[in-house]
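Heavy atoms only: backbone and side chains are in, while hydrogens, waters and symmetry mates are out.
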Amino acid sequence: MLDRSKDAKPYDPKPVEAARLAAWDAAKLSRSAPRAGAKPFTIVIPPPNVTGALHIGHALNNTLQDVLIRHHRLSGDEACWVPGTDHGGIATQNVMEKQLKAEGTDRRSMGREAFNDRMQAWTRDCKKTILGQLHRLGCSLDWEREAFTMDEARAKAVYAAFKALWEKVLVYRGERLVNWCVKDGTALSDTEVEREERKGALYHIHYPLEGGGEGVVVATTRPITMFGDTAVAVNPKDLRWKHMVGKKVLIPFIDRAIPVIEDSYVEFEFGTGALKVTPAHDQNDWEIGERHKLAAIKAIGPDGKLTEAAGPYAGLSREKAQDQIVADLEAKGFLRKKEDHKSAVQTCYRCGSVIEPLLSLQWFVKQIELAKPALKAFDAGEFKIYPEERGKPYRDWLVNIRDWCVSRQIWWGHRIPVWYNGDSKPVVSLESPGAGWTQDTDVLDTWFSSALWPLAVFGWPDRTADLAYYYPTSTLVTGYEILFLWVARMQMMGLAFENKVPFADAVIHGIVRDKSGKKMSKSLGNVIDPLVMMDKYGTDALRFALMAQAHPGKDIPFDEQMVVGARNFVNKLWNSTRFVLMNLPELAPAKGYRLEQLAHCCLELSDAWILSRYAATLEKAKAHFTAYEPAAAADALYSFLRDDYCDWYIELAKERLAGIDGEAKEAARTILVQVLAGTLKALHPIMPFVTEELYASIKEFAGESAPFLLTAGYQTLDYDWSNPEAEREMAKVMSAVSSIRSLRSQLNVPPGLKLKAAATGPFAEAVLGKHRAYVSSLARLDGLTAASGGLPPQNGTAVADGVTFYVPLAGVVDFDKERERLAKDLAKAEGDIEKCEAKLKNLSSAPNVPAEKLDEAKAQRDAAAAKRAKLQETLAALS
RNA sequence: GCCCAGUUGGCGCAGUGGUAGCGCGUUCCCUUGACAUGGGAAAGGUCACAGGUUCAAAUCCUGUACUGGGCACCA
């Protein structure tokens, strides 16, 4: 707890964070259990893959969630945040394979069982690291609910889901063209494939006529697939090739004869107008093959090497074969033309290597039946995506959905629970059905188990009390890169198995980029480690920096300077609390300093003003948090604390705090304490550590006894402190003070020098009367009088809103400078008036303008005109 | 090719109809009893461009350009 006398002036986050975490853990503060009468607010974490440590993107993702969880806890909801990790399929297996390679071994020589043991051990370590990092980040996760996508309970859910789909005939096995990653040795789903444009060539190759003579020239980017060709197709309307239709041509080198067929898929303009058809290696060709009952010949094997079908080239790798074949085609005169060509290549989202479309036997989940309810729920508004514009691609994807390939030829994952026995019908079973049965060797796509996450973490398929209370969950927070991979699939599965959307809202955030907007990557060396940031500036600073820029759906260009700024803000908070404490008695009054004890009639302007601003800020912050706009909440709280509370209110309160008027002192103390306590609470979702620490040190003075800020809940105001009148009045005082400060600064009046000033104008009476102390102290005036008669000689003039000050400056300043300054102010005033006049003219000529607006515009114009008049007068007197 | 988003002071970003804001940076002044991780003052923008709607447009509409992203692709 902050000690007003001993503590260092700069805030030191390390010991505070450690102590707070220990206290929260001991109290199980983030634990949640079903509570009758309370509204649940539930989030399931997007489980990080157990591939290593968390990066800055995870820090963003999880801070966003923690902000929501803490916000809802403070609002009185039963907030529950479920932690967990994902086994991560291919990604994790790849990490392990790299390790093994470094050790000079590989998974095949270890065997499946030993490999899985090794993976389990790695997973244990990795989970510890990840959960430790989340803990350090301050995430108020319900640690007792920790789940893993491959633990026993989740395995049960996976099996139940697979079985249910099997029974509904929504999962099937079949030989289809799939995306094959040669490097990872597995099939991938369509969503796991990325595309990138690459420069390549388009080869025009001559396929001679069977029996000799000129045949057909086809154009292809991939000559190596020619050994899998089973036809050449031309457009039925293409007269150029009409004479070839029905004839047979020979594939170079292997001389296999294939027919020339007609298919309207073929474009006239592209290449030669003749398309080589390779059903086993191209989606479109596959479809042509279906239409014409063509055979599918595999020219490339799962290992990426050419098959026996490639005759002399069998056994060569894709890359080597391509070069070799092109060279040979050229040498033998088959290559008629080679032109530059850009084409989109498909790559594996995990390893980046080029995907090979390959015909193979895989498991698929039928999607249309599952997508329908998801589409319906989305269109009915039962499921919303924030920001809204992210919804459209989601919807489009569901509409154009294709079956989901769920089998993976890797070892790390949920083994497909299907058993085979010769020609017997395969059965679904967790255990072996008996002697002679062997289990499918493939595992399920890691996203299959992820899709069940919101169900599985609450015990589904069992009818648990948790499931009844927490499901459907409230909000899912994730990045846009897994909208289809994960979000859509959870919606489909949740609706399929529980007939309810798994979460009502999905908050889609951007990715954290580097300072210049580039994607962070190890190879670029621009990666930011969240732990390093926490060590350097404190966790609250990192969280605040991220939240201050977390505009819905937008990427964040991460500049360390932002964390420095946030650190400074945390420090400001720390020191303002120190200041408040220093001005409080040793012991708190029995009931603390409570707003309800304030005698409203005795409030000063600054009191009424800060309370009005305070009430508005709290409402704003809460509304922004609820609307998933943390940046707006952070901004509102930041400027309130800095600009209103510290720069004005504290400065104005100093007079009363130092004075001898007991009642006035108590009023100032009360407001200082209450406003600070309420602001700390409002900031708590973003900066849990420092706010908890500071709250602990003032809560007694605030008359509160809850053990933790989080359990105390948000400050509720039982009186409407909104006071537009006070805000307007205060704005004039600020204007008066600023005008003199500006004059002092621009004329280089020494800051220590107290000035005399004479005031005139409609607001002068207030400045000389009830606001005299404010203006005198903040503008450092000594003797403030009413201006009498004409302009005093040798004076500077400060023109404010409603009041003008004449400041005698004989011998203090250079009057040329003052003239210059005034001239500049005058020019600005002229501009203001022009704009005001224009607006007024518009408003008065328009038909439906409320009188209120018109009055406002008039007042603006009058104020500007008064200012101009004053400046002109003064300038004239000076020249 | 289709769709979406962005284009605002040196940099990064807010701002959904009424005289352009914030953070960082820059310049000047200030170690005054909370805080120099601070305070005060200041410079700096015809809000990408062209039309339109409106009394009034950074804001709404249309189009163009550029940037980023998604989807679909002609092999």
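- Stem regions annotated for RNA chain B: B:1-7 with B:65-71, B:10-13 with B:21-24, B:26-30 with B:38-42, B:48-52 with B:60-64, counting only runs of 3 or more consecutive pairs of Watson-Crick or G-U type with both contacts under 3.5 Å.
- A cation-pi arrangement is present between A:Lys654 and A:Phe579, with the terminal nitrogen or guanidinium carbon under 6.0 Å from the aromatic centre and inside a 45° cone about the axis.
- Legend: salt bridge (charged side-chain N to carboxylate O under 4.0 Å, His left out) pairs involving residues 631-644 of chain A, not counting sequence neighbours, sorted by first then second residue: A:Arg613-A:Asp644.
- Taking atom P in both B:U67 and B:U62, the straight-line distance is 23 Å, to the nearest Å.
- Going from atom CG of A:Asn842 over to atom P of B:U19 covers 12 Å, rounded to whole Å.
- Whole-Å rounding puts the A:Glu655 CD to B:G33 P distance at 16 Å.
- For the pair A:Arg861 CZ and B:G18 C1', the interatomic distance rounds to 16 Å; values are reported in whole Å.
- With respect to A:Glu262 and A:Arg291, no salt bridge is recorded, no charged nitrogen being found less than 4.0 Å from a carboxylate O.
- Toward the 5′ end of RNA chain B lies the nearest nucleotide of A:Lys835, the other residue of the pair A:Ala219 and A:Lys835 mapping further downstream.
- Using a 4.0 Å heavy-atom distance criterion, A:Glu651 is classed as a base contact.
- A:Arg240 is linked by a side chain to side chain contact (heavy atoms under 4.5 Å, CB included) to A:Asp238, A:Phe268, counting only residues two or more places apart in sequence or in another chain.
- Taking atom CD on A:Gln561 and atom P on B:C22, their separation rounds to 19 Å, with Å as the unit.
- Among pairs with a residue in residues 387-398 of chain A, those fulfilling side chain to side chain donor-acceptor pair (under 3.5 Å) read A:Asp379-A:Arg395, at least two apart in sequence or across chains.
- Heavy-atom contacts from other residues, nucleotides or ligands closer than 6.0 Å to NZ of A:Lys515 number 12 or fewer.
- Side-chain atoms of A:Ala344 lie closest to B:C73 of the nucleotides B:C73, B:G23, B:A75.
- A salt bridge is absent between A:Lys858 and A:Glu856: the closest approach of a Lys/Arg side-chain nitrogen to an acidic carboxylate oxygen does not fall below 4.0 angstrom.
- The side-chain hydrogen bond (donor to acceptor under 3.5 Å, both in side chains) test applied to A:Ser742 returns A:Gln746, not counting sequence neighbours.
- By the side-chain hydrogen bond (donor to acceptor under 3.5 Å, both in side chains) test, A:Asp285 is found to be paired with no residue, residues two or more places apart in sequence or in another chain being considered.
- The salt bridge (charged side-chain N to carboxylate O under 4.0 Å, His left out) pairs that include a residue from residues 564-577 of chain A number zero, where partners must be two or more places apart or lie in different chains.
- The cationic group of A:Arg402 does not satisfy the cation-pi geometry with A:Trp286, failing either the under 6.0 Å distance to the six-membered ring centre or the 45° limit from the ring axis.
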Check residues 832-841 of chain A and write down every donor-acceptor pair under 3.5 Å in which the side-chain atom is one partner and the other belongs to a residue at least two apart or another chain.
residue	atom	partner	partner atom	Å
A:Lys839	NZ	A:Gln860	OE1	3.4

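- Between A:Ala864 and A:Tyr645, the residue whose closest nucleotide on RNA chain B is further toward the 5' end is A:Ala864.
- In the set B:C30, B:C35, B:U19, the nucleotide with an atom closest to the side chain of A:Arg578 is B:C35.
- B:C49 and B:G44 have their C1' atoms separated by 23 Å, given to the nearest Å.
- A salt bridge does not link A:Asp340 to A:Lys199: none of the charged side-chain nitrogens sits closer than 4.0 Å to a carboxylate oxygen.
- For the C1' atoms, the distance linking B:C71 with B:A58 amounts to 31 Å, nearest Å.
- In this structure, the ring of A:Phe334 has its center no less than 6.0 angstrom from the ring center of A:His204.
- Atoms CG (A:Asp263) and C1' (B:A75) sit 12 Å apart, rounded to a whole Å.
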Between the protein and nucleotides 65-70 of chain B, list every N/O to N/O distance that falls short of 3.5 Å.
none

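- Rounded to whole angstrom, the span from the CD atom of A:Glu197 across to the P atom of B:G1 amounts to 12 Å.
- If you take CE of A:Met562 and C1' of B:C24, they are 8 Å apart, rounded to a whole angstrom.
- With B:C55, B:C3, B:A34 as the choices, the nucleotide that has an atom nearest any side-chain atom of A:Lys654 turns out to be B:A34.
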**Request:** Using a 4.0 Å cut-off on protein heavy atoms (strictly under), produce a 5'-to-3' string for nucleotides 6-12 of chain B with B for base contact, S for backbone-only sugar-phosphate contact, and - for none.
**Result:** ------S
Where do N or O atoms of nucleotides 36-44 of chain B meet protein N or O atoms at under 3.5 Å, pair by pair?
residue	atom	partner	partner atom	Å
B:U37	O4'	A:Asn568	OD1	2.9
B:U37	O2'	A:Asn571	ND2	2.7
B:U37	O2	A:Arg567	NE	3.0
B:G38	OP1	A:Asn568	ND2	3.3
B:G38	O3'	A:Lys572	NZ	3.0
B:G39	OP1	A:Lys572	NZ	3.0
B:G40	OP1	A:Asp647	OD2	3.3
B:A41	O3'	A:Ser742	OG	3.3
B:A41	O2'	A:Ser745	OG	3.0
B:A42	OP1	A:Ser742	OG	2.9

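- Of the P atoms belonging to B:G23 and B:G39, the separation is 11 Å, rounded to the nearest Å.
- Judged as a salt bridge (charged side-chain N to carboxylate O under 4.0 Å, His left out), not a single pair has a partner in residues 743-755 of chain A (not counting sequence neighbours).
- Rounded to a whole angstrom, the distance from the C1' atom of B:C24 to that of B:G9 is 13 Å.
- Atom NE2 of A:His624 is separated from atom C1' of B:G15 by 11 Å (rounded to the nearest Å).
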